[in-house]
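For ligands, and for the atoms within them, numbers begin at 1 and follow the listed sequence. Numbering starts at 1 and runs along the sequence shown.
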Amino acid sequence: MKILVVEDERKIADFASKGLREQGFTVDVARDGDEGYYLATNMGYDAIVLDIMLPGKDGLSIIRSLRAQNNNVPVILATARGELDERLEGLNLGADDYLTKPYFVDELAARIIALHRRSTGSTLNMKQVCDLVLNVTTREVSRGEDTIELTSREFNLLEFLMRSPGRVYTRTQILEHVWGYDFDPNTNIVDVCIQRLRKKVDKDADALIETVRGVGYRMKKTDA
Ligand code: CA
């Protein structure tokens, strides 16, 4: 899952992004409200962790603007102790949840997963293409009878491709969603990871991860 953390306090931004990455999330960090709002509107995120007091556009204005554009990305407010009025206003404006700083990253991760489950419907915790099954919550993958061991990056890449079987994603789109937007677009890291994934997923079976020459990659669309 891809998360945007909008936070101007470097210490909090660092521990949140580091902690979430360790748990397998892809994380972008914005250090002021203008950058946060720009990224929130231009990049697709599965959730946004939003500070209220920010240089530039403040957190409440960001939620107001997102919701006015019918952008329903789940938003978790990270509020300081004492910001009760702001927290209530944020929830009224369409924030989905809040945490009081300092918070535990484990709790933040659990809330993100819970929000994601609520917004996508619980059945979508399981993604299936042909006999390939991926569980978003337990992060388990199997093909037929076989359990497949993936690194966290390989899992995130597979999960991204499995969201829309048949849809072609360019290397840049994959890079942005699985590695984060500040990664060098000239790297061949996507191709390398796809090759590793194929060895594990398509080893002794029909190829499900397809190359679209000159464009990118897609998950095979099956009729089932
Ligand atoms: Ca702040």
Student: Whether Arg171 and Glu176 form a salt bridge (side-chain N of Lys/Arg under 4.0 Å from carboxylate O of Asp/Glu) is what I want to check.
Tutor: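 Answer for the salt bridge query: no.
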Student: Sort by chain and number the protein N/O/S atoms found under 3.0 Å from the Ca ion (ligand 1).
Tutor: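 Counting only protein N, O or S atoms under 3.0 Å from the Ca ion (ligand 1), the list reads Asp8 OD1, Asp51 OD2, Met53 O.
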Student: Taking the basic N atoms (NZ, or NE/NH1/NH2) and the acidic carboxylate oxygens, is any pair closer than 4.0 Å for Glu35 and Arg31?
Tutor: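 Salt bridge absent between Glu35 and Arg31.
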Student: Less than 4.5 Å apart, side chain to side chain, heavy atoms only: is that true for Glu159 and Lys127?
Tutor: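 Answer yes - side chains close enough.
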Student: Are Tyr98 and Tyr103 close enough that their ring centres sit under 6.0 Å apart?
Tutor: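 No, ring centres 6.0 Å or more apart.
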Student: Looking at Asp46 and Lys2, is any side-chain nitrogen of the basic one under 4.0 Å from a carboxylate oxygen of the acidic one?
Tutor: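 No, no charged N to carboxylate O under 4.0 Å.
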Student: Give the C-alpha distance, both sets of side-chain angles, the deciding distance and a yes or no for side-chain contact (heavy atoms from CB on, under 4.5 Å) between Ile52 and Leu60.
Tutor: CA-CA 6 Å; Ile52 292 180; Leu60 295 179; 4.2 Å; yes
